[in-house]
Q: 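This is the structure I want to talk about, given as structure tokens.
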Amino acid sequence: MFNADTLLHILADCLRTSILVAGLVTIMMMLIEVFNLKSDGRLVRSLEGRPVGQVLLSAFLGSIPGCMGGFASVSMYNHGMIGFGALVAMMIASSGDEAFMMLAMFPGKAIWITVVLFILAVVVGLLLNTVQSRHEVCHSMQVHEEDKSGHVETGDSRHFGWKRTVLLFGVALFLAALLLGLLEDDANGGQVPFRILSEEWMYWFFSALSLVLIVVLCVAKDHFVEEHLWEHIVCHHLPGILAWTAGTVLVVDLLVQSVDLNVWISDNTALMILLAALIGLIPESGPHLVFVTMFAAGVVPMPVLLASCISQDGHASLPLLAESRSSWIKAKMFNVLCALAIGYISMLFL
């Protein structure tokens, strides 16, 4: 049973993570809308029919430590800008927040792992793009007649109605929470000795993006604010992302507090590879750290860590789970199969 302090900590972590993930993804989606409209839809068209470019871009974003690049890829997938192969490429290349820990604990091997994951992600992504149809374009990414010539900026139809006001207040509140550190995870504070390898840079980066979005909200036309940002993203996407993120994080936190993952670990490398791949199904950073720390301590071999890095992607897939459960299931299936294959094959050489 959980005591009151534990339950409060779990609920606080659930609330913090839900607001952070939903906020970052929402800001990313809104700015994608802005850039697409400013280019008269060329942002979407530039990636159409270019599977190699999609996969390379998505694999690169996945290679960025943390979940920021993963959020960008999922947002592009949900908007129909990249295909399923590119989505899987991101999930293979991404190691979530564990990438920060690996860079801090064993930087040389961490860079080697990142390169291997990137190459593997590109190969698998290109193969999948040949058999998987492209994701449907989100209707909001279509440029309406009112949006022609990329007119996001001021015009005769700009008023500070309640929708624009609520959006401005929400983004400003999220920006303040980022700058004040209210959304930082204190549980991992101090574990990473080098500030450049922490998530602090991500918070500053999204703070800058929030400022850009505030400027856009101040000068954009009513049609863009109300149809593209409010009706589509806030009303259509945000509730699902927030609800699914909160529910998933709550369940995972309760399980982590109830189950000691170290009990599952044995001296059987083959079994540990299977466990690492299956635990990678958990759409959250944290449970996978056991394999990073055990590898750093020399308890588990490289094949186990590789399987864990391939299978898991931190929080990056949470928005995908909220938007398209079928895509999440299929992507994670390929993710786990790839982790198992590489893990067992690498046993022969490492």
Side-chain angles (χ1 to χ4, degrees), residues 11-37 61 64-76 78-79 96-97 140 152 160-189 198-220 224-250 283-285 314-323:
L11 291 176
D13 179 69
C14 176
L15 179 63
R16 180 198 66 81
T17 303
S18 302
I19 294 175
L20 178 62
V21 171
L24 297 184
V25 172
T26 299
I27 287 175
M28 192 82 69
M29 294 178 71
M30 287 185 175
L31 289 178
I32 288 176
E33 296 274 0
V34 173
F35 294 144
N36 182 61
L37 188 58
L61 291 173
I64 299 174
C67 302
M68 182 182 69
F71 288 152
S73 288
V74 171
S75 295
M76 289 191 292
N78 287 335
H79 280 92
D97 295 341
S140 176
V152 177
F160 278 84
W162 69 270
K163 294 180 180 178
R164 190 192 300 264
T165 302
V166 170
L167 282 172
L168 278 169
F169 179 76
V171 176
L173 195 62
F174 183 73
L175 171 61
L178 285 177
L179 293 177
L180 294 175
L182 300 179
L183 299 177
E184 293 183 10
D185 186 1
D186 293 332
N188 292 329
S198 72
E199 285 192 311
E200 184 178 353
W201 67 273
M202 186 182 76
Y203 296 137
W204 284 104
F205 177 77
F206 272 96
S207 295
L209 293 185
S210 298
L211 286 173
V212 172
L213 185 56
I214 287 176
V215 173
V216 171
L217 287 171
C218 288
V219 303
F224 178 76
V225 172
E226 296 179 3
E227 295 295 327
H228 290 264
L229 302 186
W230 179 265
E231 295 295 336
H232 175 67
I233 294 180
V234 174
C235 295
H236 180 70
H237 287 287
L238 182 57
I241 294 174
L242 192 59
W244 274 90
T245 300
T248 302
V249 172
L250 180 60
E284 185 182 1
S285 292
H315 296 97
S317 64
L318 276 175
L320 179 65
L321 181 62
E323 294 288 334

Q: CG/L24 to CZ/F174 distance, rounded to the nearest 0.5 angstrom?
A: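 If I round to the nearest 0.5 Å, the distance is 4.5 Å.
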Q: Going through the checks in order, is the side-chain contact (heavy atoms from CB on, under 4.5 Å) test met by F206 and L20?
A: CA-CA 11 Å; F206 272 96; L20 178 62; over 6 Å; no
Q: Without placing hydrogens or testing angles, list every side-chain donor-acceptor pair under 3.5 Å for residues 211-220, not counting sequence neighbours.
A:
none

Q: Looking only at heavy atoms, which two atoms of L183 and R16 are closest? And how far apart?
A: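 It is O-NH1, 2.8 Å.
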Q: Sequence neighbours left out, what passes side chain to side chain contact (heavy atoms under 4.5 Å, CB included) with S207? Give chain and number order.
A: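 S207: side chain to side chain contact (heavy atoms under 4.5 Å, CB included) contacts with L175, L178, L179.
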Q: Just to verify, what does S75 make a side chain to side chain contact (heavy atoms under 4.5 Å, CB included) with, not counting sequence neighbours?
A: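 With neighbours one apart ignored, the set is V25, M28, M29, I32.
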Q: Search all heavy atoms of L242 against all heavy atoms of A22 and return the closest pair with its distance.
A: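 Nearest heavy atoms, L242 then A22: CD1-CB, 3.7 Å.
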Q: With sequence neighbours excluded, what pairs up with L173 under the side chain to side chain contact (heavy atoms under 4.5 Å, CB included) test?
A: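 L173 satisfies side chain to side chain contact (heavy atoms under 4.5 Å, CB included) with F169 once adjacent residues are dropped.
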Q: Test V234 against M30 for side-chain contact (heavy atoms from CB on, under 4.5 Å), laying out the working first.
A: CA-CA 9 Å; V234 174; M30 287 185 175; 3.7 Å; yes
Q: Considering all heavy atoms of both residues, which atom of S18 and which atom of A246 are nearest to each other, and what is their separation?
A: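 Heavy-atom minimum between the residues: OG-CA, 3.0 Å.
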Q: About how many Å separate CG of L31 and OG1 of T26, when rounded to the nearest 0.5 Å?
A: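 Reported to 0.5 Å precision, the distance equals 11.0 Å.
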Q: Could you report the tightest heavy-atom contact between E231 and K163, atom names first, then the distance?
A: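 So the minimum-distance heavy-atom pair works out to OE2-NZ, 3.0 Å.
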Q: Do F71 and L318 pass the side-chain contact (heavy atoms from CB on, under 4.5 Å) test, and can you show the C-alpha distance, the side-chain angles, and the key distance before you say yes or no?
A: CA-CA 9 Å; F71 288 152; L318 276 175; 5.6 Å; no
Q: Restricting to side chain to side chain contact (heavy atoms under 4.5 Å, CB included), what partner residues turn up for F205, sequence neighbours left out?
A: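 In terms of side chain to side chain contact (heavy atoms under 4.5 Å, CB included), with neighbours along the sequence ignored, F205 is linked to M68, L209.
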Q: Give the minimum heavy-atom separation between V34 and F224, together with the two atoms involved.
A: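 Nearest heavy atoms, V34 then F224: CG2-CZ, 3.5 Å.
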Q: For S317, give me all partners under side-chain hydrogen bond (donor to acceptor under 3.5 Å, both in side chains), at least two apart in sequence or on another chain.
A: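 side-chain hydrogen bond (donor to acceptor under 3.5 Å, both in side chains) check on S317 returns D313, W328.
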Q: Where is the tightest heavy-atom contact between P319 and N78, given as atom of each residue plus distance?
A: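 Answer, listing the atom of P319 first, then N78: O-ND2, 4.2 Å.
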Q: Apply the test side-chain contact (heavy atoms from CB on, under 4.5 Å) to residues F160 and L168: give CA-CA distance (whole Å), side-chain angles for both, the deciding distance (0.1 Å), then the verdict.
A: CA-CA 10 Å; F160 278 84; L168 278 169; 3.6 Å; yes
